[in-house]
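These notes are about the structure you will find just below.
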Amino acid sequence: MIITVDETSSTNTLLKEMNAPHGTAVMAIRQTAGRGQRGNTWESEPGKNVTLSIILRPESLPAADQFVISMIVAVATARLVSDYLKIAQEDKKVTVKWPNDIYVGEKKISGILIENAISSGAVASSIIGIGLNVNQVKFLSDAPNPISLANITGCEYDVSEVAERLVEKILNLYDETILAGKIPELEQTYRSLLYRRTGIYQWREAETGRVFKAEIHGIDPFGRLMLKEDLKATPTAYAFKEVVYL
């Protein structure tokens, strides 16, 4: 079920206040203080894009496995974007920029912000905010590389329909993964979708400022990015915000 509101400061905050059941989603036509990762704001022209939050309430997901939620949402969103591009006969590469930004080529089409509540060592609830650029064609913020479905295909879309399909994909993949016990299959799919998953690229350590070259070796069970430098035999694990793509 998607509840649509004309305006709210943040769909994540609104959904948190509602104490809603599993699978409830809230979408705003206008979001005045939408949040992105790293404390950034999310630019969205009113009525042009999907700006929604959905709540998941796992029954027995250990806190140590909470990155599973991030993988579910990222994979579902990437698949949705791929579906629309295929319909428009656009042969574009859709990837997940760790941990959960969705890219088309070198441009960002979707951002995801997840807030997990932990109780007794397990994930009690997960509120996932998703911004997906749909019909907006001009971006005025200083975000470096935004793009929308309309930018790519030249088509205009029913934003409500896109939102409904997105929520359906998330809930279906949640059932297929957590309820059916297919987390290893999800992990394999997530790794296959990673942005720059092959090749050696430059990175920067956030704390030290050190710039280095490495390849993505994988994701560890805690959702940390494993990077393997040229001359190092073992990969190094980096948590979110500890390393930056260059």
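Only this structure's heavy atoms are used, side chains among them; waters, hydrogens and symmetry mates stay out.
More than 12 heavy atoms of other residues, nucleotides or ligands lie within 6.0 Å of NZ in Lys228, so this atom counts as buried by the packing criterion. Atom NZ of Lys182 has 12 or fewer heavy atoms from other residues, nucleotides or ligands within 6.0 Å. In this structure, Glu7 places its CD atom where more than 12 heavy-atom neighbours from other residues, nucleotides or ligands lie under 6.0 Å away. Under a cut-off of 6.0 angstrom, the local environment of CD in Glu185 is crowded, with over 12 non-hydrogen atoms contributed by other residues, nucleotides or ligands.
Hydrophobic cluster membership is shared by Val75 and Leu194, with clusters built from Ile, Leu, Val, Met, Phe, Trp and Tyr side chains linked at under 4.5 angstrom. Ile118 and Ile114 fall within the same hydrophobic cluster, defined by Ile, Leu, Val, Met, Phe, Trp and Tyr side-chain heavy atoms under 4.5 Å apart, directly or through other members. Side-chain heavy atoms closer than 4.5 Å link hydrophobic residues (I, L, V, M, F, W, Y) into clusters, and following such links, even through other members, never connects Ile147 to Ile87. In the hydrophobic clustering of ILVMFWY residues, with side-chain heavy atoms under 4.5 Å counting as a link, Val5 and Ile127 come out together. Residue Leu227 is grouped with residue Tyr245 when hydrophobic side chains (ILVMFWY) are merged at heavy-atom distances under 4.5 angstrom, including chains of intermediate members.
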Full working for side chain to side chain contact (heavy atoms under 4.5 Å, CB included) between Glu187 and Met71: CA-CA 7 Å; Glu187 292 171 341; Met71 289 191 290; 3.6 Å; yes
Criterion side chain to side chain contact (heavy atoms under 4.5 Å, CB included) on Val68 and Val123, from CA distance to verdict: CA-CA 11 Å; Val68 170; Val123 179; over 6 Å; no
Derivation of the side chain to side chain contact (heavy atoms under 4.5 Å, CB included) call for Val94 and Val104: CA-CA 5 Å; Val94 180; Val104 178; 4.2 Å; yes
Stepwise side chain to side chain contact (heavy atoms under 4.5 Å, CB included) check, Leu56 with Ile178: CA-CA 11 Å; Leu56 302 178; Ile178 293 182; over 6 Å; no
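Within the 4.5 Å cutoff, the side chain of Ser53 has no heavy atoms near those of the Leu14 side chain. Under the 4.5 Å side-chain criterion, counting only non-hydrogen atoms from C-beta, Ile3 is in contact with Met18. Side-chain contact between Val73 and Leu173 is absent, with no heavy atoms from C-beta onward closer than 4.5 Å. The shortest distance between side-chain heavy atoms of Leu225 and Ile219 falls below 4.5 Å. A heavy-atom distance below 4.5 Å is not found between the side chains of Val26 and Leu52. Put simply, the side chain of Ile54 reaches to within 4.5 Å of the side chain of Leu171, judged on heavy atoms. In this structure, Met27 and Ser160 have side chains that are in contact, with non-hydrogen atoms separated by less than 4.5 Å. Counting only heavy atoms from C-beta outward, the side chains of Leu80 and Leu132 approach each other to under 4.5 Å.
Between Pro46 and Arg30, the shortest heavy-atom contact is CG-NH1, 3.4 Å. When all heavy atoms of Val167 and Ala25 are compared, the closest pair comes out as CG2-CB, 3.9 Å. Closest of all the heavy-atom pairs between Ile69 and Pro58 is CD1-CG, 4.2 Å. The two residues Phe222 and Ala64 come nearest to each other via the heavy atoms CD2-O, 4.0 Å. Nearest heavy-atom pair, Ser119 versus Ala124, reported as atom, atom and distance to 0.1 Å: CB-CB, 4.0 Å. Listed here is the closest heavy atom pair of Arg224 and Ala239: CG-CA, 3.9 Å.
Residue pairs meeting the side-chain hydrogen bond (donor to acceptor under 3.5 Å, both in side chains) criterion with at least one partner in residues 195-204, sequence neighbours excluded, are Glu106-Tyr195. Within the structure, ring pair (Phe, Tyr, Trp, His ring centres under 6.0 Å) contacts touching residues 158-190 (residues at least two apart or in different chains) are His22-Tyr174, Phe67-Tyr190. The ring pair (Phe, Tyr, Trp, His ring centres under 6.0 Å) pairs that include a residue from residues 136-169 are Tyr84-Tyr157, where partners are two or more places apart or lie in different chains. Counting only residues at least two apart or in different chains, side-chain hydrogen bond (donor to acceptor under 3.5 Å, both in side chains) contacts with residues 60-71 comprise Gln66-Asn116, Ser70-Asn100.
Rounding to the nearest 0.5 angstrom, the gap separating the CD1 atom in Ile128 from the CG atom in Leu113 is 10.0 Å. Residue Ile55 holds its CD1 atom at 12.0 Å from OG1 of Thr11, rounded to the nearest 0.5 Å.
With side-chain heavy atoms closer than 4.5 Å counting as contact, directly or through intermediates, the hydrophobic cluster containing Leu246 also holds Val211.
With respect to Leu193, the side chain to side chain contact (heavy atoms under 4.5 Å, CB included) criterion is satisfied by exactly one of Thr95, Ile102, Val96: Val96.
Within the 3.5 Å criterion, the main-chain N or O of Asn133 finds no donor-acceptor partner in the side chain of Ser148. With hydrogens and angles ignored, the 3.5 Å screen pairs a side-chain donor or acceptor of Asn151 with a backbone N or O of Val137. Checked by atom type and distance alone, the side chain of Ser110 pairs as donor or acceptor with a backbone atom of Gly131 at under 3.5 Å.
When the side chain to side chain donor-acceptor pair (under 3.5 Å) test is applied to Arg79, no partner is found at least two apart in sequence or on another chain.
Between Asp230 and Lys213 there is no salt bridge, since no side-chain nitrogen of the basic residue lies less than 4.0 Å from a carboxylate oxygen of the acidic one. Salt bridge annotation for Lys169-Asp83: present, with a cationic side-chain nitrogen under 4.0 angstrom from a carboxylate oxygen.
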